[in-house]
Amino acid sequence: MIEFVKETLLLLPFLFATYLALETLEARAGGALGKALERASSIGPAVGALAGAIPQCGVSAAAASLYAGGVVSVGTLLAVFLSTSDELIPVLLSERVPVVLLAKIVGIKAAAALGVGFVVNGVLAAMRHVRREVSVHELCEHSRCGCREHSGVLVPALIHTAEIFLFIVVISGAIELCLHYFGEDSLQTLRLTSPFLGELAAAALGMVPNCAVSVASAKLYIAGAMSPGALMASSFAGSGVGLLVLFRTNRNLRENLAILAAVYAVSVLLGMATGGLL
């Protein structure tokens, strides 16, 4: 529970910086800034894959909010989600796992995330998918936060940060209690060492928005209760609270479900494809 509190508090600076940036972007959107954002979007997946590799789920939460605000593309969002490893790397490091193995995991995840991100952006561009404009108004309408009543960018950013932070605390806290009472032993019944079935179950497990899942996956792998493919599938799907924030901030439910399905399907496939590389 202490780890849960610490990890949740670490989200605050990421959330505040994100919403402050969103408010500033909307206030100054257009002109040179608009053109700069358009140019930066072409390398978004690369930036997203590298940022997601940082062992901190705050990056995925920030990416979800930026996507809901129209700042980043679908490909960039998926790159961040797939590259994010949450607490997996620190736990493996604490267990004195060979550095070569850690480098492989991080490298494989970042490379695969980058590739998927560019492919998705390319496909959407070919389909002439129109990228949404930068808009915080949609976030406000969805959350009904009343921040538009305040002038400037600081107070609205603080209101959005508090609203999303409380949402994460409530949902993730409930999940934390469930994991605490059921324990890690129950996860061993998921057949995480079986080919294909192991990747299917591990990817579903990885999508639970709680850092305890990453910790459990690392320990199960070290204990031999999870195959390399299942570990990778769980890690690819483990976007921390990113998906949770996406469903809270983005109004398009169909779009959210499509992203969730894509993360799961790609995680399973990548887990099966990359497990043999560990």
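The structure presented is a predicted model; accordingly, all values stated were derived computationally and were not measured. Below, all heavy atoms of this structure are taken into account, side chains as well, without hydrogens, waters or symmetry copies.
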Distance-only donor-acceptor pairs under 3.5 Å for side chains of residues 198-206, two or more places apart:
{"residue": "Glu199", "atom": "OE1", "partner": "Phe196", "partner atom": "N", "Å": "2.8"}

**Request:** Answer yes or no: is there a side-chain heavy-atom contact under 4.5 Å between Thr76 and Tyr67?
**Result:** no
Output for pair (Phe247 CZ, Leu253 CG), nearest 0.5 Å, gives 6.0 Å
Q) Would you say the side chain of Leu92 lies within less than 4.5 Å of the side chain of Ile222, judging by non-hydrogen atoms? A) yes
Inset, instruction - Apply side chain to side chain donor-acceptor pair (under 3.5 Å) to Ser217 and Ser234, showing your working. - result: CA-CA 7 Å; Ser217 296; Ser234 175; 3.1 Å; yes
Nearest heavy-atom contact between Ala64 and Phe81 is CB-CZ, 4.3 Å
(message) Taking the side chain as everything from C-beta on, heavy atoms only, tell me whether Val123 gets closer than 4.5 Å to Met127.
(response) yes
Besides Val99, the hydrophobic cluster formed by Ile, Leu, Val, Met, Phe, Trp and Tyr side chains linked at under 4.5 Å, directly or via other members, contains none
Residues 101-120 vs side-chain hydrogen bond (donor to acceptor under 3.5 Å, both in side chains), sequence neighbours excluded, gives Lys109-Ser235
side-chain hydrogen bond (donor to acceptor under 3.5 Å, both in side chains) pairs touching residues 90-103, sequence neighbours excluded, are none
**OP:** Treating Ile, Leu, Val, Met, Phe, Trp and Tyr as nodes and any side-chain heavy-atom pair under 4.5 angstrom as an edge, say whether Val119 and Ile43 lie in one connected cluster.
**Re:** no
If we ignore hydrogens and angles and just use 3.5 Å, is the side chain of Ser83 paired with the main-chain N or O of Ala53 as donor and acceptor?
yes
Value for CG (Leu260) from OH (Tyr264), rounded to nearest 0.5 Å, stands at 10.5 Å
Closest heavy-atom pair, Met226 versus Tyr221, reported as atoms and distance to 0.1 Å, is O-CD1, 3.3 Å
Discussion item. Do Ser227 and Leu192 have side chains that approach each other closer than 4.5 Å (heavy atoms only, starting at C-beta)?
Written reply: no
So CG of Leu246 and CG of Leu66: to nearest 0.5 Å the spacing works out to 11.5 Å
Those residues at least two apart in sequence (or on a different chain) that pass side-chain hydrogen bond (donor to acceptor under 3.5 Å, both in side chains) with Ser85 are none
So, does Asn250 use its side chain to make a donor-acceptor pair with the main chain of Ala68 at under 3.5 Å?
no
Closest non-hydrogen contact found for Ser60 with Thr84 is CB-OG1, 3.9 Å
Please determine whether residues Leu102 and Leu82 belong to a single hydrophobic cluster, defined as Ile, Leu, Val, Met, Phe, Trp and Tyr linked transitively by side-chain heavy-atom distances below 4.5 Å. yes
For Thr193 and Gly224 the tightest heavy-atom approach is CG2-O, 3.6 Å
For residues 267-278, which side-chain N or O atoms pair as donor and acceptor with protein atoms under 3.5 Å away, sequence neighbours left out?
{"residue": "Ser267", "atom": "OG", "partner": "Ala237", "partner atom": "N", "Å": "3.2"}
{"residue": "Ser267", "atom": "OG", "partner": "Val263", "partner atom": "O", "Å": "2.5"}
{"residue": "Thr274", "atom": "OG1", "partner": "Leu270", "partner atom": "O", "Å": "2.6"}

- Are the side chains of Leu231 and Ile105 in touch, meaning some heavy atoms are under 4.5 Å apart? yes
Heavy atoms of Pro45 and Asn121 approach each other most closely as CG-ND2, 3.4 Å
Closest non-hydrogen atoms of Val72 and Ala63, given as atom of the first, atom of the second and distance, are CG2-O, 3.9 Å
